[in-house]
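Encoded as structure tokens, the structure appears first; notes follow it.
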Amino acid sequence: MLTATAIRKSYAGVRALKGVSFDLAPGEVHALVGENGAGKSTLIKIITGAVRADDGALEVDDEAVDLARLTPARARELGIAVIYQQPALFPDLTVSENIALTLEHGGAWRRIDWRARTDRARDLLARAGAAFDPDRLAGSLSMPEQQIVEIARAIGAGARVILMDEPTASLTDREVDRLFDVVRTLRETGTGIIYISHRLDEVFTLADRVTILRDGETVMTAPRGAVTRDEVVRHMAGRELATVFPKRAVTPGAVALDVRGLTSTTAGVFDVSFTVRRGEILGLAGLVGSGRTELAELIFGLRRPDRGQILIDGQPVTIDRPADAIAAGLAYVPEDRRRHGVVLEMPIAANTSLANLAAVSRHGLVQASRERALAERFRQDLQIKASSVVANAGTLSGGNQQKVALARWLATAPAILILDEPTQGVDVGAKAEIHGVMQAMVERGMAVIMISSELPEILGMSDRIAVMREGTICAIVDRADATPERILALALARPAAEATA
Ligand SMILES: Nc1ncnc2c1ncn2[C@@H]1O[C@H](COP(=O)(O)OP(=O)(O)OP(=O)(O)O)[C@@H](O)[C@H]1O
Ligand SMILES: [Mg+2]
């Protein structure tokens, strides 16, 4: 139903796609995998008309589409829809209004049939596998619910080709399962789905075929059963990769951070107490919405607590603003790198030194050569794929932006580092690099708090695991006693036996 042939695209000197071919059959889930910067998002943007190809051909239902004139509106007419990782809904409108916005056409004075709108929204949501109230405000929905609304919209618009670019990056395992059910339902009705993900387990659960991109070229396309996971990883990287967790035992030092009774009603965090020692990685597990990010924001001074105390190296500290936190030796790498992580209009080098200008300055002036040298070091350590460190961060692929956000805070060599989903959207090879850097940091005495929704990462890297549920820490489990079942059961507040079923 869709064939892309020999697609080429260059951005000012970067050859993002060097002649990629790709096709999609009705009722097929076709996974697109590759390292950060391989060209996956670029291909999707070309098919949806968001970015213009330099060269190549596209056919939809055996009809040639003029790629030089493809616009997002034309792509929608052709039945192509894209589900973004961060859905673009209007938070102050209801679900049915959000759906109606894209589906209803007509003048400003037409009469609105509210009942029909709601019924239609309910019907579309049901077809997308959900049963929540269409009168709810979009802003009150969880991320996966918002994605379902996007899918309902796509179904309503008659989309037969649905593209998903890392749809599960910010979902937990349970939410992923639900999304998979929706994808399977869509497949049964003959919809073709292009699915991009760095989580290879998902690819092997869901995809009928897999296409691997490397450096803007198609390396192979194969039915799922014809390749193994290791082969996929090898083809993605073009080399053998370590994908295991580089965890080594570190003798923990003194308590670096001591949080006592931290509470903020507005943040939804209640009476949280825990400690982290030097040399220790404390994993923060829990469902999306359990308060993990809010807790991190409270500690870092992005939110104000109602009550509670924070001690650093045994001394009580007052953290009213992030500047206080940084002065006290804390650093925080947020999850949403697009909003808080990197400044897209600034070069990679300036992004890297942003939190640590003193280290690259002399007499109060930033020295470009030192700044570049610092950035260059992290580019190598974290394998950031960029034409040069003077290129703007906005020209990087999603995963490489994530690495720049991480580099900035690692460059400050903080005593205590809080990482929110540090390897989200990062490819398997880079993931191992980031874990390796984390391990090196704790060996030098850093204390790390790592929020992650990926259980293997939590279990693989943490010395202790604090499980959050409904805004509070419900248990802290030692590495030796942690099993996936136990952590999941704690996060869900269900008996372990039930959670594994
Ligand atoms: N606007 C842009 N300007 C310059 N270069 C760009 C731009 N957008 C993408 N690129 C480059 O094109 C290449 C492919 O990027 P793309 O975003 O398609 O990668 P990706 O496979 O989606 O990676 P990821 O897994 O990290 O999301 C990268 O080298 C990237 O730096
Ligand atoms: Mg991408």
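Each ligand, and each atom within it, is numbered from 1 in the order the structure gives.
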Of all the atoms in ligand 1, which lie at a distance below 4.0 Å from a heavy atom belonging to [X]?
X: Asn36; value: 23 (O), 24 (P), 25 (O), 26 (O)
X: Glu166; value: 27 (O)
X: Gly399; value: 24 (P), 26 (O), 27 (O)
X: Lys385; value: 29 (O)
X: Thr42; value: 14 (C), 15 (O), 16 (P), 18 (O)

- Item | Pairing residues for Pro456 by the side chain to side chain contact (heavy atoms under 4.5 Å, CB included) criterion, not counting sequence neighbours |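 Result, side chain to side chain contact (heavy atoms under 4.5 Å, CB included) vs Pro456: Phe245, Glu454.
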- Task: Using a 4.5 Å cut-off on heavy atoms from C-beta on, say whether the side chain of Trp409 contacts that of Leu417.
- Result: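 When only atoms from C-beta onward are counted, Trp409 and Leu417 do touch, with a gap below 4.5 Å.
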- Item | Heavy-atom check, side chain of Met220 versus side chain of Arg214, under 4.5 Å | no
Among all protein non-hydrogen atoms, which one is nearest to [atom], and what is the separation to 0.1 Å?
atom: atom 17 (O) of ligand 1; answer: Ser397 CB, 3.4 Å
atom: atom 2 (C) of ligand 1; answer: Tyr11 CD2, 3.4 Å
atom: atom 31 (O) of ligand 1; answer: Thr395 O, 2.6 Å

Any N or O on [X] sitting closer than 3.5 Å to an N or O of ligand 1?
X: Gly39; result: yes
X: Ala16; result: no
X: Gly37; result: yes
X: Val14; result: no

Does a side-chain N-to-carboxylate-O contact under 4.0 Å join [X] and [Y]?
X: Arg248; Y: Glu443; answer: yes
X: Glu35; Y: Lys385; answer: no
X: Arg15; Y: Asp215; answer: no

- Message: Within the supplied structure, the quantity of interest is the number of heavy atoms (other residues, nucleotides, ligands) at a distance under 6.0 Å from Phe90 CZ; does it exceed 12?
- Response: no
- Does His198 come within less than 4.0 Å of ligand 1, judged by its heavy atoms? yes
- Item | Test item, Ala38 contacting ligand 1 (heavy atom, 4.0 angstrom) | yes
- Just do the side-chain contact (heavy atoms from CB on, under 4.5 Å) check on Tyr195 and Asp208 with the steps written out, would you? CA-CA 11 Å; Tyr195 191 89; Asp208 302 297; over 6 Å; no
- Should the proximity of Leu396 to ligand 1, defined as any heavy atom under 4.0 Å, be assigned to the side chain, the backbone, both, or neither? backbone
- Message: Taking 2.8 Å as the cut-off, does Ser397 contribute an N, O or S atom near the Mg ion (ligand 2), distance below it?
- Response: no
- Task: Could you check Asp23 against Arg209 for salt bridge (charged side-chain N to carboxylate O under 4.0 Å, His left out), going step by step and ending with a plain yes or no?
- Result: CA-CA 10 Å; Asp23 65 89; Arg209 280 193 298 163; 2.8 Å; yes
- Message: Run Arg74 and Asp66 through salt bridge (charged side-chain N to carboxylate O under 4.0 Å, His left out) and show every step you take.
- Response: CA-CA 10 Å; Arg74 178 80 189 110; Asp66 184 358; over 6 Å; no
